[in-house]
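Counting starts at 1 for both ligands and their atoms, in listed order.
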Amino acid sequence: MNPKRILVVGAGHVGLYAALRLSKKLSSREAEVIVVDPQPHMTYQPFLPEASGGNISPRHSVVPLRRELRRCTVVSGAVTRIDHHRKTATVQPIVGPPREIAYDHVVVAPGSVSRTLPIPGLHEHGIGFKTIGEAIYLRNHVLEQLDVAAATTDPQVRRRALTFVFVGGGYAGIEALAEMEDMARDALRYYPELKTSDMRWVLVEATQRVLPEVDRDMGAYTVQQLLKRDMDIRLDTRLESCVDGVVKLSDGDSFASDTIVWTAGVKPSPMLDATDFPRDDRRRVTCLPTLQVVDGDRVVEGAWSAGDCAAVPDLTKAPGNFCSPSAQHAVRQAQRMADNIVAVIRGREPVAYKHKHAGSVASLGLHKGVAQVYGIKMTGWPAWFMHRTYHMSRIPSFNRKVRVVVDWTLAFFLKREVVALGQLHDPREEFAEASRK
Ligand SMILES: Cc1cc2nc3c(=O)[nH]c(=O)nc-3n(C[C@H](O)[C@H](O)[C@H](O)COP(=O)(O)OP(=O)(O)OC[C@H]3O[C@@H](n4cnc5c(N)ncnc54)[C@H](O)[C@@H]3O)c2cc1C
């Protein structure tokens, strides 16, 4: 038989795990696996807050694709269109003209992007927290703001530089806020000009609680912990505008800030608009529990999807519920999907994905955390320790696990690195100036 061609669109949590498993289970006579992603690495997003806080080297929170996917063909580029009717995808490589790739099976896993609202000033002044670039930028930016505040004699400039605003109280927002504040507090020991009370860390959350992934009491505990650290927690409050960095909130308050981080949810990748896959009202690809794409009650043959971009029924809940967008589901769905693709290629029936969400673990800075796993609630150091061991066990590859543990061990004995490498964001500036005629 001719080998089947499996095209994996996106090498994140779903794509990397699915491609790895497919390439291990299927011989080259059975299938070839092609993986397309514009990034040369998979980003282990749950480690972004720690990478931003400087507890893990940013390089160690990503997994190089070419080293992990040696049995696959890796294409550096973005899929810009999928015509499943013709079983063809259009790929825009990072250089050169677009090309078409034909396939027998497609794994649709481009994930999600930040879900924004048309808030005046947000486009110009906001930044998301979903990519390694954003995490590194935010770290350098926050540390730079400490330098700005220490250098200025103008109290308004200082106040503005030291006001940090995070919008959205899910785990990404809470962890990013808590890790950044922890890092800045640590860094202040080298800034005799500044006091901890000069900093203002604001969380703006539209609902009445944070961390909707855990029970209310755990959300309340988290708020208490952040308040103890003198953070300004605004529940039931919306960001109304931030034109020129002037933050206006729905509770009437207004203040200036040069740091506005948007972590208020995600929506499926807009790339899906250029495909002919069926979508639900939230623009997710509609799937069966077997991870096969489904159009009404018709299985779309050869099309599979999972992760943040897919509506996968949650069989552990009442009908009409879907799996939440989380790494926990993404990784498990990827494995189930790969096994199902192997089954279908070998003429067997696919099996339904069923996983009861185990709970959530969130770090609130060094030695601080909150966790609710299989109903067991933990706070403080045990929760933080659980967060670390869980994610260390989940990050792909032995190499990454060792590097992350080495980073943590070094951080145990040495003081945290709190230097801003802001030059990274404009490395040609000095040379361009020197070479100016
Ligand atoms: C800061 C943060 C912390 C988090 N913490 C947790 C946590 O503690 N626990 C948890 O369970 N979940 C957590 N999550 C959520 C979790 O990371 C996501 O649910 C998970 O990454 C979804 O996996 P995915 O494969 O669908 O998407 P992703 O992992 O985002 O992968 C999508 C991939 O597709 C690629 N791509 C995009 N467009 C294209 C295109 N056009 N062509 C080709 N490739 C494309 C991207 O480059 C990317 O590599 C966190 C998320 C964030 C942002």
- Query: Does a salt bridge link Arg388 with Glu50, judged by any charged N lying under 4.0 Å from a carboxylate O?
  - Reply: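 Salt bridge flag = yes for Glu50 with Arg388.
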- Task: Select all protein residues for which some heavy-atom-to-ligand 1 distance is less than 4.0 Å, and list them by chain and number.
- Result: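 If the criterion is a heavy atom under 4.0 Å, then ligand 1 touches Gly10, Ala11, Gly12, His13, Val14, Val36, Asp37, Pro38, Gln39, Gln45, Pro46, Ala78, Val79, Ala109, Pro110, Gly111, Phe129, Lys130, Tyr171, Ala172, Met271, Gly307, Asp308, Pro325, Ser326, Ala327, Gln328, Ala330, His391.
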- Does Thr259 offer a backbone N or O that forms a donor-acceptor pair with the side chain of Ser257 under 3.5 Å?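 Checked: pair present.
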- Does Leu366 offer a backbone N or O that forms a donor-acceptor pair with the side chain of Asp182 under 3.5 Å?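 Yes: the side chain of Asp182 pairs with the backbone of Leu366.
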- For Arg67, what residues pass the side chain to side chain donor-acceptor pair (under 3.5 Å) criterion, not counting sequence neighbours?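 Residues passing side chain to side chain donor-acceptor pair (under 3.5 Å) with Arg67: Asn399.
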- Item | Side chain to side chain, Lys377 and Val214, heavy atoms closer than 4.5 Å |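 No, side chains not in contact.
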- Query: Between Gln335, His329, Arg332, which is the residue that forms a side-chain hydrogen bond (donor to acceptor under 3.5 Å, both in side chains) with Tyr353?
  - Reply: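 In the set Gln335, His329, Arg332, the residue that makes a side-chain hydrogen bond (donor to acceptor under 3.5 Å, both in side chains) with Tyr353 is His329.
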